[in-house]
Amino acid sequence: MKLDFSIITPWLPNFGAALIVTVQVTICSLLLGLVLSIPLSLCKISNLRPLQAAADFYTSVFRGVPLLVQVFMMYFGIPLVLPVKFNAFQAGTLVFAMNSAAYISESMKGGIRAIDRGQYEAAMALGIHYPSMMKDIILPQAIKSVLPSLVNEFISLLKNTTLISSIGLVDILRVGQMIQSKTYRAFEPFFVIAIFYYVLVMLLSTLGKTLERKVNKSDRH
Amino acid sequence: MIDIKGLYKDFGSLHVLKGITLHIDQGEIISIIGPSGSGKSTLLRSINLLEEPTFGEIWVEGRLITPPDPYLHPEVIRASNTYKRLSGTQDDAALIARIKKEDLLHEKHEGARYRSLLKEIKGRNFESAYEVRKKIGMVFQHFNLFPHMTVLDNMIYAPMKVLGIGKEEAAERARKLLTQVGMLDKIGVYPSTLSGGQKQRVAIARTLAMEPDIVLFDEPTSALDPEMVKEVLDVIKALAKTGITMVLVTHEMGFAREVSDRIVFLDEGVIVEDADPATFFSTPKSDRAQAFLEKVL
């Protein structure tokens, strides 16, 4: 079979729009996930058993249920039992964010635990209250140490967003499927999509490394 | 200034402090010395409540900073049925000590008068840890500077956040103190670029930026390379001359002797000797202190 990449050309505007959707879902999910992960990780390191258990249960649910099932649940299932209604973008973003929060909070917990007791003691000895201590002393250091795993989470999030094509949102993958059904050609569109994701992931990795270098400037000798 | 009464500290089944009573006057400089594991650091860390006492009370500037300890109030013990049951078997003080030591008071076996007295004592106010720590500074063995903040930010963060002073004033205070410890030229750098001695000098300045009434030093030179010990000791020595109250845990015997008003020798969780440096180092009374000094001097 002869390959003909020119069949992609008419679809380029669709790819452009779809790319924006993919990037939007990824970034919104990551930011929301990051915000959610902070209280979640604080619960996990808390001395209060019920908080700890609740946070651990939350994580186990998002780890234990396949992502596609979670997406379907949020989009099709939840609106039938709760008075809420999501469009595909909202449902997808929410699921991805809650998922990321589960994973990020695990590494954040590790990051917080890895911080020397002396940092807490110095903060306490200076009379600093718990919320300020966590916000200004402990979490900035913890986030710095979880940055590499944060970049990994960002990357897997980006790749996982392909699942929203299954609830009808037109992301890059969906455009590929549209091309396939119109032209009966599969290699060219999916090859182009693979390249898209590969380039995006490489960009993210580079961005992550730059960021890491930047925040590590306080460690430089 | 600081009054420690009947202080006990257990870590699980490990009894680290076994009845410490110590008075420290305003402006006094006290060195706590003793073998490792004797409870020196635990005692020091109890003063700013980094360790919570198991029993006993600590008073700072006339204010109770620990929960009131009913066992320290003989009138409570005397009101108990346990006391009445055992009275006559021993003299009063010994009996109270025994009841306390063996923890013989159990509320459910006691009468109404005992309970109401106990309730009154337990209900007494004591100061919150945050208030206490504003007035008591601490310098740590491992400096504990905040690595993600510059020297300046390390210095101004707590004064701004805790004391509520303005940024300009805090920075001015920081510059003055950094000048005092000879670190002004490092004001903009991150701690990781400093040597151990420099870090400790900044840490001392950071503590002083809170304008504490008392400064606790927890083995301030133990983590330093030998050539850096002197620069830190010089800073502490200069500070000692300002009349601030200082409590030091140190292994630097020469320094302790030179700078202290009193030496407290701790062994196995009890104060074995409490004397002025000249007396302690030349004619220690106890065998344990003698044995210790033979090893370290």
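All values derive from a computational prediction rather than experimental measurement. Residue numbers start from 1 in every chain, and the chains themselves are labelled A, B, ... in the order their sequence lines are given, proteins ahead of strands. In what follows, every heavy atom counts, from backbone to side chain, and hydrogens, waters and symmetry copies are set aside.
- In terms of heavy-atom pairs under 4.5 angstrom with chain A, the leader among Glu131(B), His142(B), Lys134(B), Arg45(B) is Arg45(B).
- For CZ of Phe191(A), the number of neighbouring non-hydrogen atoms (other residues, nucleotides, ligands) closer than 6.0 Å is 12 at most.
- Environment of CD in Gln52(A): crowded, with over 12 heavy atoms of neighbouring residues, nucleotides or ligands closer than 6.0 Å.
- Both the backbone and the side chain of Phe146(B) come within less than 4.5 Å of a heavy atom of chain A.
- Ranked by heavy-atom pairs under 4.5 Å with chain B, the first of Pro140(A), Gly127(A), Ala123(A) is Gly127(A).
- Considering only heavy atoms from C-beta on, Met149(B) comes within 4.5 Å of Ile137(A) through its side chain.
- Contacts of Leu194(B) with chain A are absent, with no heavy-atom separation under 4.5 Å from either backbone or side chain.
- Considering every non-hydrogen atom in both Ala122(A) and Phe140(B), the closest pair reads CA-CE1, 3.6 Å.
- Side chain of His148(B) to main chain of Asp136(A): a donor-acceptor pair is present (N/O by atom type, distance under 3.5 Å, no hydrogens or angles).
- In this structure, the side chain of Asn144(B) does not engage the main chain of Gln119(A) through any donor-acceptor pair within 3.5 Å.
- The distance from the OH atom of Tyr157(B) to the CG atom of Leu126(A) is 10.0 Å, given to the nearest 0.5 Å.
- Within the 4.5 angstrom heavy-atom criterion, atoms from both the backbone and the side chain of Arg206(B) approach chain A.
- In terms of non-hydrogen atom pairs under 4.5 Å with chain A, the most contact-rich of Asn48(B), Thr150(B), Leu50(B) is Leu50(B).
- In Arg63(B), the CZ atom is not crowded: 12 or fewer heavy atoms of neighbouring residues, nucleotides or ligands sit closer than 6.0 Å.
- For Met202(A), the CE atom sits in a packed shell: over 12 heavy atoms of surrounding residues, nucleotides or ligands are nearer than 6.0 Å.
- With a 4.5 angstrom heavy-atom cutoff, Leu145(B) touches chain A only via backbone atoms.
- How far CE of Met138(B) is from CE of Met124(A): 10.5 Å, rounded to the nearest 0.5 Å.
- Nearest heavy atoms, Tyr130(B) versus Tyr130(A): OH-N, 3.5 Å.
- The number of heavy atoms from other shown groups lying within 6.0 Å of CD (Glu168(B)) does not exceed 12.
- Crowding of Lys237(B) atom NZ: a count of heavy atoms from other residues, nucleotides or ligands under 6.0 Å exceeding 12.
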